[in-house]
Protein chains: 2
Amino acid sequence: MSGVSKVAVSTLRKLISDGHLKPGEKLGEVQVAEMLGVSRTPIRLAFRTLEQEGLLEKAGKQGFVVRAFSREDVICGLEIRGVLEGLAARKMAEAGLTVTDKAALQQCIDDGDALFAKEHPTEVDLLNWSEINARFHGVIVKGAGSRAIADAIARNSHLPFASSDSIIFDTRHVDREFRKLHLAHLQHQMVFQALVMGEGARAEMLMREHAYIGLRYGGLFGLPEALES
Amino acid sequence: MSGVSKVAVSTLRKLISDGHLKPGEKLGEVQVAEMLGVSRTPIRLAFRTLEQEGLLEKAGKQGFVVRAFSREDVICGLEIRGVLEGLAARKMAEAGLTVTDKAALQQCIDDGDALFAKEHPTEVDLLNWSEINARFHGVIVKGAGSRAIADAIARNSHLPFASSDSIIFDTRHVDREFRKLHLAHLQHQMVFQALVMGEGARAEMLMREHAYIGLRYGGLFGLPEALES
DNA sequence: AATCAATTTATTGGATCCATTGTTCTTATC
DNA sequence: GATAAGAACAATGGATCCAATAAATTGATT
């Protein structure tokens with residue numbers, strides 16, 4: 001699955017999360033194939049992949065439709081990520097941090113400290129945090145030393161808001177967003193402390209709580225029952 | 001994806017879990033297509049599905065190989081199932097059991113009581129428990145009322161020992177196995193009690209602990225580092 | 001006019017074909 | 001004799017073709 005097929009998957013993923021393909025919309029193979037200028041074959045492969053990822057679902061007997069996500073789905077997605085990354089953090093703490101992982105996490109903390117020392121954040125700083133955040137979570141996901149856990153998290157990272165490395169900002173209110181993100185950084189610091197001290201249960205609890213911050217990122221507190229993004 | 005393609009997926013799944021296709025074995029599309037007597041097209045679709053499920057993985061650049069699972073992978077698989085079903089149980093308890101769910105769970109408890117009242121269990125009784133067990137877990141998985149959680153659990157149920165409805169018995173020692181299963185039934189009773197009383201945190205904790213009983217089912221305490229089943 | 005049936009059309013699933021790429025075997029040169 | 005380069009081969013990815021099935025439209029009958 002190289003080239004066209006992979007491109008088709010990521011293209012459709014983006015089209016769905018961007019809302020260009022609306023929830024409930026029926027997708028035909030020929031239609032999408034012509035849209036992307038390729039034959040039906042890679043589209044068929046892409047549809048199966050996206051079905052497994054949960055972004056598409058079979059519509060009755062014929063064709064696929066874009067999956068609709070309710071507010072409850074999104075919250076459960078965050079909770080799922082929370083328990084899985086919490087499990088990863090616990091196992092990481094129990095096994096003891098490697099010097100490499102500890103250094104990488106320390107770097108994330110330092111970078112965050114430097115970032116949030118700024119008095120007048122810009123839009124770029126939001127993206128910088130996004131990168132730091134993704135790095136931090138990435139170290140923990142891999143740091144559990146379990147392919148099974150990393151895979152499970154990856155499998156659940158395609159749903160909207162469920163991925164730790166795709167934060168959606170409200171770029172109109174940079175400093176308000178910046179303050180929200182600062183809380184995330186403080187949580188990272190606490191998780192890091194627990195990991196270093198080998199406190200598995202505490203690291204797990206903190207990661208689970210940390211997942212809920214997605215509700216703030218996405219402004220999901222006031223999210224309508226049916227997402228139409 | 002009906003007919004041949006679906007059959008190909010389940011056939012390959014069975015061949016892998018049965019050990020007829022050994023871990024690390026390279027699978028070619030033409031080879032498998034001829035083996036199953038179909039063309040390459042449904043095999044290609046099946047390979048992508050099995051890759052997503054984590055049973056196959058790309059070997060370098062060309063071809064797929066059967067994924068090898070270590071003892072650690074299996075244990076992590078159980079833990080993943082534990083945290084996910086724990087999450088489901090907690091949300092179920094928090095939302096309050098529906099009368100339907102409560103009745104269904106009660107029925108599982110009653111059936112288990114009747115089963116384990118037997119003094120001289122037979123091999124069939126092991127299978128009976130397997131059905132009761134699957135029913136109990138199924139009610140909880142669905143009972144969380146979240147499509148997202150049910151999907152996440154389903155996505156993680158294809159790995160060896162990770163599914164709650166595929167228990168592997170040692171049929172040579174029926175009553176020893178029967179005693180192991182009795183412990184599972186007692187755990188079900190406690191989970192049921194917590195759910196009825198709306199004790200979400202306790203229900204979650206109990207479900208997480210309950211997942212580890214897979215280590216006893218599969219006799220994984222003495223499992224070799226590299227599974228070659 | 002409404003409903004049921006039949007025919008036609010559109011769409012998906014499977015098979016085959018072609019091209020591109022990775023691998024391997026052979027040969028030639030150092 | 002070993003290594004590198006080139007050629008032959010095998011296998012995957014993409015496109016096209018054919019068959020089967022579901023949906024839709026039209027026509028006929030009540």
Side-chain angles (χ1 to χ4, degrees), chain A residues 1-16 20-68 147 151 154-155 158, chain B residues 1-16 20-68 147 151 154-155 158:
Chain A
M1 172 154 63
S2 77
V4 179
S5 181
K6 252 183 178 156
V7 172
V9 171
S10 51
T11 302
L12 287 173
R13 237 191 250 134
K14 185 178 282 277
L15 286 174
I16 291 172
H20 287 99
L21 296 175
K22 291 186 170 44
E25 187 169 345
K26 190 177 178 181
L27 294 185
E29 291 178 358
V30 278
Q31 162 201 359
V32 174
E34 288 179 2
M35 181 191 307
L36 300 186
V38 294
S39 89
R40 273 179 55 215
T41 308
I43 302 300
R44 289 172 69 181
L45 295 170
F47 277 13
R48 296 312 180 290
T49 299
L50 293 168
E51 184 193 17
Q52 291 274 334
E53 290 179 359
L55 269 62
L56 295 183
E57 56 187 356
K58 274 203 280 291
K61 276 289 188 180
Q62 202 130 353
F64 286 90
V65 297
V66 179
R67 165 89 180 274
R147 168 86 187 276
D151 283 356
R155 269 196 289 271
H158 299 295
Chain B
M1 173 155 62
S2 78
V4 178
S5 180
K6 253 186 176 152
V7 172
V9 171
S10 51
T11 302
L12 287 173
R13 237 191 251 133
K14 185 177 282 275
L15 285 174
I16 291 172
H20 288 98
L21 296 176
K22 291 186 171 46
E25 187 170 346
K26 189 176 177 180
L27 294 185
E29 292 178 358
V30 280
Q31 163 201 357
V32 174
E34 287 178 3
M35 181 192 304
L36 300 186
V38 295
S39 89
R40 272 180 56 215
T41 307
I43 302 300
R44 290 171 67 181
L45 294 170
F47 276 13
R48 297 311 181 289
T49 299
L50 293 168
E51 184 192 17
Q52 292 274 331
E53 290 179 0
L55 269 62
L56 295 184
E57 57 187 353
K58 273 204 279 292
K61 274 290 187 179
Q62 203 131 352
F64 286 90
V65 298
V66 179
R67 165 89 181 274
R147 168 86 186 279
D151 283 355
R155 269 195 289 271
H158 299 294

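Naming convention: chains lettered A, B, ... in sequence-line order (proteins, then strands); numbering from 1 in each chain. Because the structure is predicted, anything quoted here is derived from the model rather than measured.
- A:Glu57 is linked by a side-chain hydrogen bond (donor to acceptor under 3.5 Å, both in side chains) to B:Arg147, counting only residues two or more places apart in sequence or in another chain.
- The distance from atom NE2 of B:His20 to atom OG1 of B:Thr11, rounded to the nearest 0.5 Å, is 12.5 Å.
- Taking atom NZ of B:Lys6 as the reference point, atom P of C:dT12 lies 15 Å away to the nearest angstrom.
- We find that CD of B:Gln31 is positioned 9 Å from P of D:dA11, with the value rounded to whole Å.
- Rounded to whole Å, the distance from CD on B:Glu29 to C1' on D:dA11 is 8 Å.
- In plain terms, the two heavy atoms of A:Gln31 and A:Lys26 that are nearest each other are OE1-O, 3.8 Å.
- What separates CG of B:Leu27 from P of D:dA11 is a distance of 13 Å, to the nearest Å.
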Could you tabulate the donor-acceptor pairs under 3.5 Å formed by side-chain atoms of residues 38-47 of chain A, not counting sequence neighbours?
residue : atom : partner : partner atom : Å
A:Ser39 : OG   : A:Thr41 : N            : 3.2
A:Arg40 : NE   : A:Glu29 : OE1          : 3.0
A:Arg40 : NH2  : A:Glu29 : OE1          : 2.9

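- With sequence neighbours left out, B:Glu25 forms a side chain to side chain contact (heavy atoms under 4.5 Å, CB included) with B:Leu21, B:Lys22, B:Val66.
- Here C:dG13 presents its C1' atom at 13 Å from CG of A:Leu45, a figure rounded to the nearest Å.
- Checked against salt bridge (charged side-chain N to carboxylate O under 4.0 Å, His left out), B:Arg13 has the following partners two or more places apart in sequence or in another chain: B:Glu53.
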>> Strictly under 4.0 angstrom, non-hydrogen atoms only: write out the protein contact profile of nucleotides 15-22 of chain C, one letter per nucleotide from the 5' end, B, S or -.
In response: BBB----S

